[in-house]
2 protein chains.
Amino acid sequence: MKPVTLKEIAEQLNISVTTVSRALKDYPDISKKTKALVKELALTLNYRPNAFAVNLRTKESKTVGLIIPEIVHHFFSNVIKGIIAQAEEKGYLVIILQSNESYEMEKKQIQLLLSQRVDGILISLANGTADYNHLTDVIAQDKPLVMFDKIAKIVKCSKVIIDDRKAAYTATQHLVDTGCKRIAHFRGALLPQNSIDRFLGYKKALLDNNMPYDPSLVYICECGDNSFEEGKMNARQLLNDHKDVDGIFINTDLVAIGAITEFNEQGVKIPEDISIVGFSNWFMSSVISPTLTTIDQPGYQMGKEAFKQLYKEMQQVKNKEPIVFESIVLKTELVKRQSTK
Amino acid sequence: MKPVTLKEIAEQLNISVTTVSRALKDYPDISKKTKALVKELALTLNYRPNAFAVNLRTKESKTVGLIIPEIVHHFFSNVIKGIIAQAEEKGYLVIILQSNESYEMEKKQIQLLLSQRVDGILISLANGTADYNHLTDVIAQDKPLVMFDKIAKIVKCSKVIIDDRKAAYTATQHLVDTGCKRIAHFRGALLPQNSIDRFLGYKKALLDNNMPYDPSLVYICECGDNSFEEGKMNARQLLNDHKDVDGIFINTDLVAIGAITEFNEQGVKIPEDISIVGFSNWFMSSVISPTLTTIDQPGYQMGKEAFKQLYKEMQQVKNKEPIVFESIVLKTELVKRQSTK
DNA sequence: CTCCCAATCGAAAACGTTTTCGAAATCAAC
DNA sequence: GTTGATTTCGAAAACGTTTTCGATTGGGAG
């Protein structure tokens, strides 16, 4: 019942552990005959190298950690899928942790992963994260770290992102192009960089079109567990405050869908009375009515790229080369649907 | 730069490695004084036990494996969330693999997890899985294995499921109760147990209501990556074949949403012309129009229960007790919405 | 037969813990 | 001062690999 070890194989064949180990890995200094013998016995005994021992010797576990704010989330689950797919291709396993948008959690989880001695860490920051010592800790240990989507510009490490500012600009410009005169913005939480960038893109588009920027038209939502509800609330508030608004650029699809639902219930016509552009292109956005114009954000690809970069860095560490950081920016696309004219 | 070890602490304090190890774990046979010294130095040196060495010694890694058919999936991502939450509470990490509904993948991944020597495995079967040797392998090694949602009755291990048959019965009965006279069923793939059970529940409800069971009213879909498209296709087909059908019980929400979309496009009125009941209660189902009547399937809770059971079994293994298998059945609920009268 | 080189293998250390077993030291009691 | 119990600690083995460094063997050349 005990798992079979190199030693047992060695004893059965009357050779040394060393030879067995090397035979199994096709070292050139083992004769074809012994290699064949060893491999055959290993097969019949169903030998499996003890990963714990291998890890201890080689100081690597072929495992990476992934910290993500929320798993039940169309965009993020696509990212996860991409990461896992790419990791599997390279022979790595992925440990997933969910920060629940909490900085404290995130910190604890980074420590956990470091204790576990994963070979590298992938992370998308929680909304509440404003200090980065837990991350610089990782970097100080020369442990590869790649941030994606929700990043911190200050931290010196590789990043995989989209050009949020440009995408938001495009989205807002689309509202302008389709005739909107007064455009509101539902932005995400205050801290995250992508929330800031999307806001800046929105603002820039307004100014470039000679439209006044009115802070009272910018609504904040935490974009946590109840994004949908926040979308509804903000929509209701907007109807109260600003009856003249005829277009909204919304930070993320789920909030936009909340808003659409509210408008539908209140009898506000989309896009006749109000046009809406979302962000992320959740699958849901293509099936609600009206279907939602949005920015397609390539989650799966982002996951793949993030792992690829992490892999590169892990190789660099293995080869005792210095880690070179890269910033990868992925393309986004405006998907026009019924919620805009 | 090298991580600090017990040995270094021991040398600095001029005591033995043994003592350091035991001081850190509060063994009773170490004096308070040395404990304090050791702990203080460990803290200032930022000592972190080498997980690889600990794993090797203790033969456990505090890590479990999770194999799931598809990550980008509302129900499954809720399950994942539940599993991770519960695992974290117990100090375990979770390695996630995606089988992509492929039996071959699933087999390979089981082997991978066994090589990695995870302490336990959680799995929801792929649609294509019909032979279970890869699973009995796991059980034969006395490695805890818990199946959830898509299970195989034959395999002797713990299971966490819902009563699919009863839920399907309830769903179909609801269609009958609201006046449907001729009820179709879009079932999932042929092999999965839950697909079979839901079909049986549908059939039983018909017979109990003295309605004839007509095999031509049962449409199959693979429920893989393109469930939505399959829903549309089946709906189109149904309109062609059976104009008299006035109700459909659909195996899963995403397919149902595809069907609804198709019906909407073709001008078929829901629920006036056709009533629809889905399965799973995806979030999406509450925002499409018409909103979808469906069976709520507690994904998060299922994940929690699955891990709890796995944990129990891991404890049993640790205590060298025999593993006792349990089958846990979770409650479901009919959520009435606009797609039925 | 001697010498050298290539081919093939093994002994042992090392990775960093945990744990068993026992040794030393302290102390109280007589 | 002896005994026995208690407290406190250390030596060493063990977990299963990988890897370094030699050792042995055989064969061919001279």
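None of the values given here were measured: they were computed from a predicted structure. Computed over heavy atoms, backbone and side chain alike; hydrogens, waters and symmetry mates excluded.
- V138(B) meets the side chain to side chain contact (heavy atoms under 4.5 Å, CB included) test with I110(B), L114(B), I121(B), K143(B), L145(B); sequence neighbours excluded.
- Side-chain to base pairing of N55(B) with dC15(D): no donor and acceptor N or O lie closer than 3.5 Å to each other.
- In this structure, K32(B) places its NZ atom 16 Å from C1' of dC9(D), rounding to the nearest Å.
- Using modelled atom types, one finds no donor on one side chain facing an acceptor on the other under 3.5 Å when comparing Q111(A) with H134(A).
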Candidate pair F75(B) and D149(B), rule side-chain contact (heavy atoms from CB on, under 4.5 Å), full reasoning = CA-CA 10 Å; F75(B) 172 69; D149(B) 192 51; 3.5 Å; yes
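- Considering only side-chain atoms of K59(B), the nucleotide from dT17(D), dC15(D), dT17(C) that sits closest is dC15(D).
- Between D119(B) and S61(B) there is a side-chain heavy-atom pair separated by less than 4.5 Å.
- Taking side-chain N and O atoms only, Y47(B) has a distance below 4.0 Å to OP1 or OP2 of dT17(C).
- No side-chain heavy atom of I161(B) sits less than 4.5 Å from a side-chain heavy atom of L330(B).
- Residue I30(B) contributes atom CD1, which lies 6 Å from atom P of dC9(D) at whole-angstrom precision.
- Distance N50(A) CG to dC15(C) C1': 13 Å, rounded to the nearest Å.
- A straight line from CG of L56(B) to P of dT18(D) spans 12 Å, rounded to a whole angstrom.
- Applying a 4.0 Å cut-off to non-hydrogen atoms, the residues of residues 4-26 of chain B that approach DNA chain C are T5(B), L6(B), V17(B), T18(B), S21(B), R22(B), K25(B), listed by residue number.
- Within the 4.5 Å cutoff, side-chain heavy atoms of F148(B) are placed close to those of L122(B).
- One finds a side-chain N or O of Y27(B) lying less than 4.0 angstrom from the OP1 or OP2 phosphate oxygen of dT19(C).
- Contact annotation: side chain of R57(A) to base of dT18(D), donor-acceptor pair present below 3.5 Å.
- Contact annotation: the side chain of K308(B) approaches that of E305(B) to within less than 4.5 Å [non-hydrogen atoms, C-beta and beyond].
- In this entry the distance linking CZ of R117(A) with C1' of dC15(C) reads 11 Å, nearest Å.
- The side chain of T34(B) places an N or O atom within less than 4.0 Å of a non-bridging phosphate oxygen (OP1 or OP2) of dC9(D).
- Note on the helix from dC1(C)-dG30(D) to dC30(C)-dG1(D): angle between the axes of the first and last five pairs equals 70°, rounded to 10 degrees.
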Test side-chain contact (heavy atoms from CB on, under 4.5 Å) on Q116(A) and R48(B) and set out the steps.
-> CA-CA 9 Å; Q116(A) 191 67 16; R48(B) 246 188 264 275; over 6 Å; no
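- When the P atom of dT17(C) is taken as reference, atom CZ of F52(B) falls 12 Å away, rounded to whole Å.
- Under the 4.5 Å side-chain criterion, counting only non-hydrogen atoms from C-beta, P3(B) is in contact with R117(A).
- At a threshold of 4.0 angstrom between heavy atoms, the contacts of D29(A) include nucleobase atoms, whether or not backbone atoms are also involved.
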